[in-house]
Amino acid sequence: MNILVKPIISEKMQAVSEKFNRYGFIVDRKATKSQIKHAIEEVYGVRVDRINTLIQRGKATLRHTKAGAIRGQKNTVKKAIVFVNKEDKIDIYSSI
């Protein structure tokens, strides 16, 4: 099971990571905090202090086309905010 799906790369998350040394990742929905911690430590070689997780429910979408309105649903994802030790840094852009 691949626990880490992808890092969250946004202006807001980049500002938080520079200021507070926290990093965001989209993870597998079945992954536990301990599994996420071990995966981050193996992949990036850092010490993880703690992890906050949240499940973001997919939003309902609506598109207007020539054929009429098309209703849809975005995917539900699980996010992990990783608090890394003060001495460690994660270089997310090197793994892209």
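Note: hydrogens, waters and symmetry copies are ignored here, and every other heavy atom, side chains too, is used.
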Under the side-chain hydrogen bond (donor to acceptor under 3.5 Å, both in side chains) test, which residues partner Ser34, sequence neighbours left out?
Thr32

The criterion is side-chain hydrogen bond (donor to acceptor under 3.5 Å, both in side chains); which residues satisfy it with Gln56, sequence neighbours excluded?
Lys79

Enumerate the salt bridge (charged side-chain N to carboxylate O under 4.0 Å, His left out) contacts for [range], please, sequence neighbours excluded, ordered by first and then second residue.
{"range": "residues 50-75", "result": "none"}
{"range": "residues 36-46", "result": "none"}
{"range": "residues 14-27", "result": "none"}

Main-chain N/O of Asn85 paired with Asn21 side-chain donor or acceptor, under 3.5 Å:
yes

Run the side chain to side chain contact (heavy atoms under 4.5 Å, CB included) test against Ala67 and tell me which residues pass, sequence neighbours left out.
Thr65

Quick one: ring-ring contact (aromatic ring centres under 6.0 Å, His included) partners of Tyr23, sequence neighbours excluded?
none

Starting at [atom1] of [X], measure out to [atom2] of [Y] and round the result to the nearest 0.5 Å.
{"X": "Lys78", "Y": "Ile3", "atom1": "NZ", "atom2": "CD1", "answer": "10.0 Å"}
{"X": "Asp28", "Y": "Gln35", "atom1": "CG", "atom2": "CD", "answer": "8.5 Å"}
{"X": "Ser17", "Y": "Ile92", "atom1": "OG", "atom2": "CD1", "answer": "6.0 Å"}

Decide if atom CD of Gln73 counts as having more than 12 heavy atoms of other residues, nucleotides or ligands within a radius under 6.0 Å.
yes

Can you give me the closest heavy-atom contact between Val27 and Ile36, atom names plus distance?
CG2-CD1, 3.8 Å

If you take all heavy atoms of Tyr44 and Asp91, which pair is closest and at what distance?
CE2-O, 4.5 Å

I'd like to check the salt bridge (Lys or Arg N to Asp or Glu O under 4.0 Å) partners of Arg47; sequence neighbours left out, ordered by chain and number.
Glu87, Asp88

Test question: given the 4.5 Å side-chain rule for I, L, V, M, F, W and Y, name all other residues clustered with Phe20, or answer none.
Val5, Ile8, Met13, Val16, Ile26, Val77, Ile81, Phe83

Members sharing Ile70's hydrophobic cluster, built from side-chain contacts under 4.5 Å between Ile, Leu, Val, Met, Phe, Trp and Tyr, are none

Where do Ile90 and Val84 land on the side-chain contact (heavy atoms from CB on, under 4.5 Å) test, with the steps shown first?
CA-CA 8 Å; Ile90 295 178; Val84 178; 3.9 Å; yes

